[in-house]
Amino acid sequence: RNSNSHYPMNANTRRILAYLIGLSLIITTAVVASLAYNLHANNTHHEQLALETGRIFFKEQVIIRRWNASLGGIYAPVTDTLQPNPYLDDPHRDLTTTNGLKLTKINPAFMTRLLSEMSEHTSEGINFHITSLKPLNPHNAPDEWERRALENFARGADEQFEVVEEPRGRILRFMGRLIAEKPCLKCHAHQGYQVGEVRGGIRVSLPLASFEIAAMH
């Protein structure tokens, strides 16, 4: 993987992102614990528990993205490995502080990709991927399953989910659609998106093994 796929930041920005991930996982864990109790009481299958967790995780990512958009993006220092995003069409992408520190903007899509890379190293085994039928960043291109989901979104579906076999075991794949909102057009208006249109989706993968154990207790 080339250096453009990693985005190291200064200590303050790293703490903010670590806090967001930690908060997201704490909320998800608490809700999952409650769901596990209720679903077990109702003799509901563990796949339903994983599905509800995927929905919650997706909604949390949408909230984080809206927070970023409400700030107009956040800035981090440019380093040897954190270079300005070549896919971000924004005249204010790069700034220089009064003391000469060069900063570059991290917009919602850039942040989602960063968070997804950080999630790959968590013990929960949950990972996610932002994607679109018209990706600006090639790393955000959909795989075959994601492409089918995006095509279903274009036909009116709100979400897509399926249990699939992967090398690490049985995985529930969940994907929720992303709708173009007014702040999105700052970066994506040139792609022809209008407010209210489907702009893409976030795929969440959840290992079923952990939910099978939870459903037994």
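In this chain, residues are counted from 1 in sequence order. These numbers come from a predicted model, not from an experiment. Any value given below was found using the heavy atoms of this structure, including those in side chains, with hydrogens, waters and symmetry copies removed.
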- When clusters are formed from ILVMFWY side-chain contacts under 4.5 Å, directly or step by step, what else is grouped with I63?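 Members other than I63 - counting any ILVMFWY side chain reachable under 4.5 Å - there are none.
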Smallest separation among heavy atoms of [X] and [Y], with atom names:
X    : Y    : result
F128 : L115 : CZ-C, 3.6 Å
P142 : S132 : CD-O, 3.2 Å
G201 : L150 : N-CD2, 3.8 Å
P207 : I126 : CD-N, 4.4 Å
A76  : I106 : CB-CD1, 3.9 Å
G156 : R177 : O-NH1, 4.2 Å

- Task: Taking R170 for its side chain and V163 for its backbone only, find out whether a donor-acceptor pair lies under 3.5 Å.
- Result: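 No, R170 side chain to V163 backbone: no donor-acceptor pair under 3.5 Å.
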- Look at the side chain of T96 and the backbone N and O of L101, then say whether any donor-acceptor pair between them is shorter than 3.5 Å.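 The answer is no, because no donor-acceptor pair under 3.5 Å joins these two groups.
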Are any non-hydrogen side-chain atoms of [X] and [Y] less than 4.5 angstrom apart?
X    : Y    : answer
L88  : F110 : no
M175 : V204 : no
N127 : R203 : yes
D143 : E146 : yes
L208 : E47  : yes
I179 : V198 : yes
H139 : Y87  : no

- Between atom CG of N85 and atom CG of N107, what is the distance when rounded to the nearest 0.5 Å?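 Answer for the CG-CG pair, N85 versus N107, is 6.5 Å.
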- Message: Can you tell me how far apart CD1 (I74) and CE (M111) are? Round to the nearest 0.5 Å.
- Response: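 One finds 3.5 Å between CD1 of I74 and CE of M111.
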- Item | salt_bridge(R155, E151) N-O dist < 4.0 Å |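 Salt bridge between R155 and E151, a charged N being under 4.0 Å from a carboxylate O: no.
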- Item | Salt bridge present between E52 and R55 (N-O < 4.0 angstrom) |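 Salt bridge flag = yes for R55 with E52.
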- Any luck finding a side-chain donor-acceptor pair between R65 and T112 under 3.5 Å?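 Judged by distance alone, the side chains do pair up.
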- Item | Non-neighbouring partners of R168 that pass salt bridge (Lys or Arg N to Asp or Glu O under 4.0 Å), sequence neighbours left out |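 Once residues adjacent in sequence are excluded, the partners of R168 under the salt bridge (Lys or Arg N to Asp or Glu O under 4.0 Å) criterion are E166.
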